[in-house]
Protein chains: 2
Amino acid sequence: MTDVDQADRFARAREAQSVALIEDYVEMIGDLIAELGEARVADIAERMGVAQPTATKAVSRLKREGFATSRPYRGVFLTEEGAALAERVRARHRTVVALLRAVGVPEEVAELDAEGIEHHVSEQTLKAFERFLQGK
Amino acid sequence: MTDVDQADRFARAREAQSVALIEDYVEMIGDLIAELGEARVADIAERMGVAQPTATKAVSRLKREGFATSRPYRGVFLTEEGAALAERVRARHRTVVALLRAVGVPEEVAELDAEGIEHHVSEQTLKAFERFLQGK
DNA sequence: GATGATGTATAGCCTATGCTATATTTAAAT
DNA sequence: ATTTAAATATAGCATAGGCTATACATCATC
Ligand SMILES: [Mn+2]
Ligand SMILES: [Mn+2]
Ligand SMILES: [Mn+2]
Ligand SMILES: [Mn+2]
């Protein structure tokens, strides 16, 4: 393998990382809206396990990147794009957990590890996981 | 699932991320030493796909955390702890690639995704992967 | 051994993601 | 309607990880 190839891999992993937080926030805001009818910054912060100003800042980024909207002192909403991303991320999360379970990982551990793994599973790998799960 | 549980998961994923760069650097420095007899900052930078000062800064962190040693204008060396980490990381990387291949992921894609996934695979999941691979 | 090329370190900058402390707004209670 | 409590925003700080430009050291070459 050439140095450039490997450098590309690392660059890809770095990029995935930068997207990971967005994905987790968007998915989780979707959960809150589904469960409680709205997503308040305080709830977002509590579920993410971060301080409230950290959540506020994250929401700013989601807005800047077009995944969410909000007005001062009001709840947070997902744009169409945000809702679509949340759906994709949620489905992928489920598939990753199912794959881990299928190869013998205990449920608790599968859920734990999936939270990180999911962000590095490409479309191709996801498809392979789905085929594998069906063929069982 | 309680909010605290989920918050813990996210916290764990964040922690894994913070360790990920260290793991990649240490593994790669080990590769360089094995291949070239030494690891120079310039080579580290090239393989990581980052600028040279970025690699220098990373090496500083490795030293600070006890995984590497170096003297100004000389190569970088792994401590015992660093070499042990490199070995663990390399083995885990291989296992993750093997598991992906075993469930039908093409080799190229497996290598690409593994570079990110590996850092979120717990000991328990790794053991499950190994059992699954043996039982085939 | 002087010189030029190469490698490394340092300075200074940026963005992302955390935090605490505090101001401000909204909502609830009296 | 006030007052109080709760939620949110903002200010200011820290660390990690990027970058470019530049100073400095080492190594070859002549
Ligand atoms: Mn996640
Ligand atoms: Mn998830
Ligand atoms: Mn990696
Ligand atoms: Mn690796």
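Chain letters run A, B, ... following the sequence lines, proteins first and then strands; every chain starts at 1. Because the structure is a prediction, the values reported are computed rather than measured.
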In chain order, what residues pass the salt bridge (charged side-chain N to carboxylate O under 4.0 Å, His left out) check against B/R14, with sequence neighbours excluded? none

Expressed in angstrom and rounded to an integer, what is the separation of A/R71 atom CZ from D/dT8 atom C1'? 14 Å

To the nearest angstrom, the CZ-P distance between B/R14 and C/dA16 comes to 18 Å

Rounded to the nearest Å, what distance is computed from the CD atom of residue A/E15 to the P atom of nucleotide D/dG17? 17 Å

One thing to verify: whether B/R47 and B/E35 come together as a salt bridge, which I'm taking to mean a side-chain N less than 4.0 angstrom from a carboxylate O. yes

Between OH of A/Y73 and P of D/dT8 the distance, given in whole Å, is 10 Å

Give the rounded distance in Å between these two atoms: CD1 of B/I22 and P of D/dA16. 10 Å

Spacing between B/M48 atom CE and D/dC19 atom P, to the nearest angstrom: 10 Å

Protein-nucleotide distance (B/R74, atom CZ; D/dA25, atom C1'), rounded to Å: 9 Å

Working to the nearest 0.5 angstrom, can you tell me the gap between B/E123 CD and B/R88 CZ? 8.0 Å

Within the structure provided, determine whether A/R61 and A/E65 are in side-chain contact (heavy-atom separation under 4.5 Å). yes

Map B/V50 and B/R40 onto DNA chain D by nearest heavy atom, then report which one ends up closer to the 5' terminus. B/V50

Residues within residues 51-69 of chain A bordering DNA chain D, heavy-atom distance below 4.0 Å: A/Q52, A/P53, A/T56

Decide, yes or no, whether a salt bridge links A/R12 with A/E15 under the criterion of side-chain N to carboxylate O below 4.0 Å. no

Residues A/A7 and B/E46: closest non-hydrogen pair is CB-O, 3.7 Å

